[in-house]
Each structure stands twice: as C-alpha cells, then as structure tokens.
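What follows is one structure encoded as structure tokens, with my remarks underneath.
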Amino acid sequence: KAVAVIMVGGPTKGTRFRPLSFNTPKPLFPLAGQPMVHHPISACKRLPNLAHIFLIGFYEEREFALYVSSISSELKVPVRYLKEDKPHGSAGGLYYFRNIIMEDNPSHVFLLNCDVCCSFPLTEMLEAHKRYGGMGTVLVIKVSAESANQFGELVADTITNELLHYTEKPETFVSDLINCGVYIFTPDVFTAIQEVSTHREGQANIRHLSSFETLQSPTRALPVDFIRLDQDILSPFAGKKQLYTYETMDFWEQIKTPGMSVKCSGLYLAQFRLTSPHLLAAGDGTKSATIVGDVYVHPSAKVHPTAKIGPSVSISANVRVGAGVRLISCIILDDVEVQENAVVINSIVGWKSSIGKWSRVQADGDYNAKLGITILGEAVTVEDEVVVINSIVLPNKTLNLSVQDEIIL
Ligand code: GDD
C-alpha cells in the first residue's frame, strides 16, 4: 500500500503569481483546463494500491473544500486537505501530519511539489526505488547549466544512481542535474526528520545559554519545527547510501510565474493528446469552430463557428467567443467574453474580463521575461479596437487606449 502527499504551500508562497493569485490559490489555477494540483493527483491515481492522497498547505480549508470533495468522488480515491497552522517547511509539513499519513501503515509515501509540471513517471520511479532499497528516491532531470541555479543541484553515482551530493540553489555551479520536486520515501523518512529536529532543538538550547551569540548571529535561527526537505534532509543524508535518483527524459518545468503557467498549460495539453485525447476539442463538424493543435474548451463555453482556436489554448467555464475571433497560446478563464474579430496571443485573460471588437491582447511569448506574456487580471475591460501588448493589467481596470510594455496598476 502507498499514500501520496502533495505540498501546496500557502498564500505567502504564490506572490510571483500575482495578479492571478489574488482570488484563486495558485494550486487551483487552471492548466489545460484542470486545476494545477489536478495533474499530480491524476498521476497518483494511476498507481495501483494507492490508499489516500493528502494535500498539505496553509491556505484556508474552505479554499480547497469544494475541489477536494469533487475530486474524491470522481477518482474514487480519498483526497484530503490537511491545513498547517503555520508554514513548517516541506519536510516539517509532512512530519506534522505523520500520524494521519501513516494511519493505514503504507509501505511507501510519494511526495510531490504542486508547482512542477511533468509526466510524473511514478510507476517507473517506484520500481527503481524498490531496486535501490534506500530511504528515498528523488526524480531528477538534466537542465541547461545557466538555469540550474534556480533549483537544487546534485551529483549522482553514474552506476548506482546514489545521491552523492546535494546543494540547494548554489551560487557557484555544481551540476546540471537538478531536483524535480518529486520523491518516494519509505516510512524511515519520519525518523530522519525527527533526527534533524532533535539536533536543531539541541542547538537552540546552546544558543539560549549564550545570548551574545544570538545577538551576533546574522541569520536568526530557524524554528525547531521548520524543516526543509532539500537543505535539511537531502543535503545531510546525501552520500550515506540512503538516497537515490531517478532521471526523467520526459518534459519538466517549474511553475512559479504566470508566464510559465501558459507554457505548462501547453505541455499538459500536448500530454492529453497521448493520455486523455477525449478532453481535447475535436473541431470536426461544420457547426463548430476551427481547431488547430491541442485545445481545451469547457463544455459550458460558447465558441462561434467562425472563430479559429489554437494551438495551445485553454478555455474555461461560461466563456463566450464571438465571430471571427482568433486565439493562440493562451488561457481564457471563467466568464470571459471575447467579442467579434478580437485576437488573443500569448496571454492570460482573467475571470469575467471582456475584450472588445477588433481588439488585440498579445505578447511575444518569452515565458521567462517579466512582460513576456500579457496578463489581464480579474474583471478587466478592454474596449473596442484597443491593442494591449506585453503588459500586465491589474483587476477591475478599463482600457480605452492602447498600451505596450506597461504594468497598469
Ligand atoms: N505545506 C507546505 N508548507 N508546503 C510548503 C511549505 C510549507 O511550509 N514550504 C514550501 N511548500 C511547498 C511549495 O508550495 C512547493 O510546492 C514545494 O513545497 C517546494 O517549495 P519551496 O520549498 O519553496 O522550494 P522551491 O519550489 O523553491 O524549490 C524546490 O523545488 C524545486 C523543484 O520545483 C526545491 O526542492 C528545489 O531543489 C527543486 O529544484
């Protein structure tokens, strides 16, 4: 038996995701028409003998209540949201709920970051993990040497795949092999976290005795129950024959910014082509719009038959798309209206926004640049014949003049 834990973080974590995280917690932001957290959850669902899926975070319970109850009944696997009273770090959060997680005596615990986009090759990872016989197996991938420092960099034994050395976001280059934020552990991981916490407690007591050191200390000591999986567990346990790596050759991205969510939405749409083609718009018959490439359209959306949609477009609930509209590489959120002959390219259009006739909302599509995609926050109105290029527009604004390379506050 196994259980899965997905770390969803909390409201102080998603700040780079503004203005899209004002009303919706980042883990519920739709990618390919499904909440971000839905993708790791459906990967877990494909595992045999999965007893439970837990989401751990410090968002309010009510923010997840609806999603958790609908997904539980849909998948027929119990999915439960566990709320921390405060952030405990990625390992601390796991440890905090150890009794609930271990209730059914699982032999394995899958641990997944919610803000990564990949194919989650969990079955293959589990096989490798059993072969290695260690306490944990980390999913890893090779990235470009220039981008590696945004992640945990690691060195693995090329023959045994043992994790030999681990450094979280190092300033000087260590390795182009990085931590994907997807793990499998045996229940021993709880003992390891306990050890780190006990050690920290010991240090805190010493500090307490010498207040001089505390005053001099440039970084304040972390609370004893705040434990990060990467720095506090992977680093000290590397090279001790307890941790191993499994390298994915498939796609992998981290979703920290709205720009990356457009990219990842496209990656998941492309994956649907292989795993769940029934979710993609077909665009057959003469009465429906022209569909290009991978496109998701919510069943409640109304798309005019003369519109042309795709590739890489996701259209959420109750959206209305008018005649002659062109949509490419974008996410259109609930209750949006796109009027006749408007064009949207490389953009996210926020809930309840409206785009006027012959208007253009677009960007050059550099996912890593700050203004590389255009974002309209909730309830933004773009009037007729207005052009919005490479800009971010905060909620409730009305644009009656064209803008370029601007953040409209
Ligand atoms: N419940 C809970 N409580 N979740 C948390 C907490 C916490 O206190 N702190 C972080 N998380 C969640 C975040 O929401 C995210 O899903 C995951 O844990 C990791 O977040 P961070 O600890 O902020 O690390 P990171 O995302 O910058 O980097 C980590 O993931 C990368 C892969 O995406 C590191 O492990 C990197 O090494 C790794 O490359």
Side-chain angles (χ1 to χ4, degrees), residues 2-7 40 43-44 46-48 89-92 94-95 106-113 115-200 227-254:
V3 295
V5 174
I6 302 173
M7 299 308 281
C44 293
R46 291 194 288 272
L47 288 164
S90 36
L94 185 73
Y95 187 73
S107 50
H108 296 96
V109 178
F110 287 83
L111 182 68
L112 298 85
N113 288 0
D115 58 359
V116 299
C117 166
C118 64
S119 60
F120 298 104
L122 302 178
T123 311
E124 298 88 325
M125 248 182 110
L126 181 61
E127 276 166 26
H129 175 77
K130 287 180 179 162
R131 269 201 316 276
Y132 302 149
M135 169 179 82
T137 298
V138 185
L139 187 70
V140 304
I141 193 169
K142 267 211 172 71
V143 297
S144 70
E146 307 83 72
S147 66
N149 66 354
Q150 308 165 42
F151 311 107
E153 294 183 15
L154 53 96
V155 180
D157 188 301
T158 47
I159 295 162
T160 63
N161 296 318
E162 193 202 349
L163 177 70
L164 297 176
H165 179 76
Y166 185 92
T167 320
E168 184 62 22
K169 306 184 180 87
E171 276 173 29
T172 48
F173 181 74
V174 174
S175 163
D176 56 0
L177 203 55
I178 63 121
N179 171 8
C180 293
V182 177
Y183 315 85
I184 301 177
F185 291 110
T186 61
D188 294 342
V189 70
F190 293 106
T191 321
I193 303 173
Q194 167 78 66
E195 264 173 44
V196 170
S197 161
T198 312
H199 179 76
R200 179 120 15 105
I227 299 169
R228 298 154 303 185
L229 193 64
D230 28 53
Q231 284 107 306
D232 303 324
I233 305 291
L234 300 186
S235 289
F237 286 90
K240 296 195 170 129
K241 300 217 173 348
Q242 306 215 48
L243 297 173
Y244 292 82
T245 59
Y246 178 84
E247 185 177 346
T248 177
M249 299 295 167
D250 233 333
F251 65 96
W252 181 86
E253 296 289 345
Q254 196 180 32

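Below, each value reflects all heavy atoms present in this structure, side chains not excepted, and no hydrogens, waters or symmetry copies.
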List in chain and number order the residues that pass side-chain hydrogen bond (donor to acceptor under 3.5 Å, both in side chains) with [X], two or more places apart in sequence or in another chain; answer none if no residue qualifies.
{"X": "His199", "value": "none"}
{"X": "Thr198", "value": "Gln194"}
{"X": "Ser119", "value": "Asp250"}
{"X": "Ser147", "value": "Ser144"}

Trace of the side-chain contact (heavy atoms from CB on, under 4.5 Å) decision for Glu253 with Val116: CA-CA 6 Å; Glu253 296 289 345; Val116 299; over 6 Å; no
Contacts of [X] that satisfy side chain to side chain contact (heavy atoms under 4.5 Å, CB included) - sequence neighbours left out:
{"X": "Pro106", "result": "Val3, Met102"}
{"X": "Thr158", "result": "none"}
{"X": "Asn161", "result": "Tyr132, Thr245"}
{"X": "Thr160", "result": "Asp157, Glu162"}

Evaluation steps, side-chain contact (heavy atoms from CB on, under 4.5 Å), between Met7 and Leu112: CA-CA 6 Å; Met7 299 308 281; Leu112 298 85; over 6 Å; no
Side-chain donor or acceptor of Glu153 paired with backbone N/O of Asn149 under 3.5 Å: yes
Thr186 side chain vs His108 backbone, donor-acceptor pair below 3.5 Å: no
Grab the two heavy atoms, one from [X] and one from [Y], that are nearest each other, plus how far apart they are.
{"X": "Pro236", "Y": "Gln231", "value": "CD-O, 3.4 Å"}
{"X": "Arg200", "Y": "Asp232", "value": "NH2-OD2, 3.1 Å"}
{"X": "Phe120", "Y": "Ala43", "value": "CB-CB, 3.4 Å"}
{"X": "Gly134", "Y": "His129", "value": "O-CE1, 3.6 Å"}
{"X": "Ser197", "Y": "Ile227", "value": "CB-CD1, 3.6 Å"}
{"X": "Arg228", "Y": "Ala91", "value": "C-CB, 4.0 Å"}

Point-to-point distance, once rounded to the nearest 0.5 Å, from CD of Gln242 to OG1 of Thr137: 12.0 Å
Separation between OG of Ser90 and CG of Leu111, rounded to the nearest 0.5 Å: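 CG of Leu111 is found 7.5 Å from OG of Ser90.
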From Leu47, Ile6, Val5, residue fulfilling side-chain contact (heavy atoms from CB on, under 4.5 Å) relative to Phe110: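 Testing Phe110 for a side-chain contact (heavy atoms from CB on, under 4.5 Å) against Leu47, Ile6, Val5 leaves exactly one candidate, Leu47.
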Residues Asp230 and Lys169 bridged, charged N to O under 4.0 Å: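 No, Asp230 and Lys169 are not salt-bridged.
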Val140 and Thr248, any side-chain heavy atoms less than 4.5 Å apart: no
Close side-chain approach of Arg46 and Thr123, heavy atoms under 4.5 Å: no
Set of ring-ring contact (aromatic ring centres under 6.0 Å, His included) partners for Phe151, sequence neighbours left out: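 Residues passing ring-ring contact (aromatic ring centres under 6.0 Å, His included) with Phe151: Trp252.
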Salt bridge (Lys or Arg N to Asp or Glu O under 4.0 Å) partners of residues 115-131, not counting sequence neighbours, each pair once: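 Only Lys26-Asp115, Asp115-Lys256 qualify under salt bridge (Lys or Arg N to Asp or Glu O under 4.0 Å).
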With a cut-off of 3.5 Å and sequence neighbours excluded, list every side-chain donor-acceptor pair involving residues 172-185.
| unit_1 | atom_1 | unit_2 | atom_2 | d |
| --- | --- | --- | --- | --- |
| Ser175 | OG | Leu154 | O | 2.7 |
| Ser175 | OG | Leu177 | N | 2.9 |
| Asn179 | OD1 | Gly181 | N | 2.7 |
| Asn179 | OD1 | Tyr183 | OH | 3.4 |
| Asn179 | ND2 | Tyr166 | OH | 3.0 |
| Asn179 | ND2 | Tyr183 | OH | 2.9 |

